[in-house]
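Please read all numbers here as calculations on a predicted model, not as lab measurements.
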Amino acid sequence: MKTEEDKFKHEIDIFRTEVESGIQFFYMYLAFNSVLSKNKQALKIVNRTPLFWNTNVGALQTSFFIVLGRLFDQNSNHNVDRLIGVAQKHSDIFSAEALEVRKRAGSANAGEWINDYMKDVYVPTNDDFRRLRKYVSKYRKIYENTYRDIRHKVYAHKVLSNKADVHNLFARTNIREIQKLLIFLNRVHEALWQLFHNGRKPTLRAMKYSVSSIMKNVLAPEWQSRQIQELVVHETQKFFDILLSIPNKREQEKDRTLYRLKEQ
C-alpha cells in the first residue's frame, strides 16, 4: 500500500522525467540549428549526410510535441494539473512534522542541526496551490491556442496532410514562447520539489531559457546548480567541437601531397 508521500514522490518523479525529456528534445533541436547557422564548417559536414541529420532533427521535433501534450492535456495521466492536485490533496506531507521526519531519516547527524533548520520551514496553504494553478491555466491557454493542434493533428495523429494547412499552424508558433512554456514546467517541478524536500515556499524561481544566452555563458561546474536546458545546449556544442576537431581525410591527403611537392 502506497503512502501519501509515496504517491507524491511517484507523481513528481514522472513529471520530472517528462519535463526533462521535453526540454532535451527541444533545446537540442534549437542548439543544433544555432550551431549550423553560425558555423559553415559544421554545416558542410552535416550536408554530407543530410538524411541522417534530417531524421534526427525530425525525431526531436516530433518527440517534443508529443511530450508537450502529455504535460498540458488534462486527459493525460500525468499532466501538470495532476501533480498539483496530488500535492494539494495530500498537503499533510508538507507539514513541518512530516518534513522533520524525512530530514531525520536522511541524515545521521540530524540532531545537531535540525532544530535550527526547522525554524525557517514553510508550510503551504491552499492559496499557494491556487496560485500555482493560475499560472498553469495561463500557460495552458498558450498551449491550447497555438500548439495543441500541431501536437494532435500533425504529430500524434495525421489529421492534416495538406502542406498549406500544416504551414498555417506552424506560422503561429514562437520559439521564445515555447522555451518559456517548457521552463515554466521545470520551475513548477523545482518549486514543489523544494517544498517537499526542503520546506521552501513554492515560488517559481527564475531559470535561464534563451539558447543564445546559454551558449554565451560557460557551463557551471558540477557542484553548482545546473539546469537540464544548460546541459543539453552545451553538450550539443561540445559534440560539434569534437566533430570539427576530427581530421578530414581529404584535407590530410592534400597536406601530404603539398609536403611531398615541397620535398621534391
Exercise. With distance as the sole test, does N39 use its side chain to make a donor-acceptor pair with the main-chain N or O of A42 at under 3.5 Å?
Worked result: yes
Problem set entry | Over all atoms of both residues, closest heavy-atom pair of S76 and G69 | CB-O, 4.4 Å
Exercise. For the side chain of T3 and the backbone of D6, is there at least one donor-acceptor N/O pair under 3.5 Å apart?
Worked result: yes
For this session: Quick one: closest heavy-atom pair of R82 and N77, and the distance?
Result: CD-O, 2.6 Å
Exercise. Of all residues at least two apart in sequence or in a different chain, which pass the ring pair (Phe, Tyr, Trp, His ring centres under 6.0 Å) check with Y147?
Worked result: none
Exercise. Are any side-chain N or O atoms of S137 and backbone N or O atoms of K134, one a donor and one an acceptor, separated by less than 3.5 Å?
Worked result: no
Exercise. Considering all heavy atoms of both residues, which atom of K180 and which atom of Y139 are nearest to each other, and what is their separation?
Worked result: O-CE2, 4.0 Å
For this session: Please list all pairs passing the salt bridge (charged side-chain N to carboxylate O under 4.0 Å, His left out) test where one or both residues lie in residues 194-215, with sequence neighbours left out.
Result: K208-E230
Exercise. Going by heavy atoms in the side chains, are V233 and I214 under 4.5 Å from each other?
Worked result: yes
Problem set entry | Nearest heavy atoms of A191 and L204, plus distance in Å | CB-CD2, 4.2 Å
Exercise. Do other residues, nucleotides or ligands put more than 12 heavy atoms under 6.0 Å from L43 CG?
Worked result: yes
Seminar exercise, completed: Note: Y122 and L195 closest approach over all heavy atoms is O-CD1, 3.9 Å
For this session: Would you please name every residue forming a ring pair (Phe, Tyr, Trp, His ring centres under 6.0 Å) with F196, sequence neighbours left out?
Result: F8
Problem set entry | R176: partners by side-chain hydrogen bond (donor to acceptor under 3.5 Å, both in side chains), with sequence neighbours left out | Y209
For this session: Identify whether the distance between the nearest side-chain nitrogen and carboxylate oxygen of R102 and E5 falls below 4.0 Å.
Result: yes
Exercise. Using a side-chain heavy atom cutoff under 4.5 Å and only I, L, V, M, F, W and Y, what cluster partners does W113 have?
Worked result: L99, I114, Y117, M118, V121
For this session: List in chain and number order the residues that pass side-chain hydrogen bond (donor to acceptor under 3.5 Å, both in side chains) with Q24, two or more places apart in sequence or in another chain; answer none if no residue qualifies.
Result: none
Problem set entry | Minimum heavy-atom distance F64-G22, with the two atoms named | CD1-O, 3.9 Å
Problem set entry | N79 and Q74: side chain donor to acceptor below 3.5 Å | no
Seminar exercise, completed: In short, salt bridge (charged side-chain N to carboxylate O under 4.0 Å, His left out) pairs touching residues 117-131 with sequence neighbours left out are D116-K119, D127-R130, D128-R131
Exercise. If you look only at pairs with a residue in residues 155-164, which of them pass as a side chain to side chain donor-acceptor pair (under 3.5 Å), with sequence neighbours excluded?
Worked result: Q61-Y155
Which donor-acceptor pairs under 3.5 Å do side chains of residues 30-37 form with protein atoms, sequence neighbours excluded?
from	atom 1	to	atom 2	distance (Å)
N33	ND2	Y29	O	2.9
S37	OG	N33	O	3.4
S37	OG	S34	O	2.7

Exercise. Is the gap between the ring centers of Y143 and F72 under 6.0 Å?
Worked result: yes
Exercise. Counting only N and O atoms by type, is there a donor-acceptor contact under 3.5 Å from the side chain of H152 to the main-chain atoms of V159?
Worked result: no
Kindly list each side-chain donor-acceptor pair under 3.5 angstrom involving residues 90-97, sequence neighbours excluded, with atom names and distances?
from	atom 1	to	atom 2	distance (Å)
S95	OG	D92	O	3.0
S95	OG	A98	N	3.1

Exercise. Under a 4.5 Å side-chain heavy-atom rule over Ile, Leu, Val, Met, Phe, Trp and Tyr, are I14 and I23 clustered together?
Worked result: no
Seminar exercise, completed: Those residues at least two apart in sequence (or on a different chain) that pass side-chain hydrogen bond (donor to acceptor under 3.5 Å, both in side chains) with S212 are S210
Exercise. Just by distance, with hydrogens left out, do H78 and E11 show a side-chain donor and acceptor under 3.5 Å apart?
Worked result: yes
Mind listing the side-chain donor-acceptor pairs of residues 165-173 below 3.5 Å, one per line with the distance, residues two or more places apart or on another chain?
from	atom 1	to	atom 2	distance (Å)
N168	ND2	A164	O	3.2
R172	NH2	N145	O	2.1
T173	OG1	F170	O	2.6

For this session: Give a yes or no on whether a salt bridge exists between E20 and R16, defined as a side-chain N under 4.0 angstrom from a carboxylate O.
Result: yes
Exercise. So, the side chain of R187 versus the backbone of M207: is there a donor-acceptor pair under 3.5 Å, distance only?
Worked result: no
Exercise. Does K103 reach the main-chain N or O of N198 with its side chain, forming a donor-acceptor pair under 3.5 Å?
Worked result: no
Exercise. Within the side chain of N56, is there an N or O that forms a donor-acceptor pair under 3.5 Å with the backbone of F52?
Worked result: yes
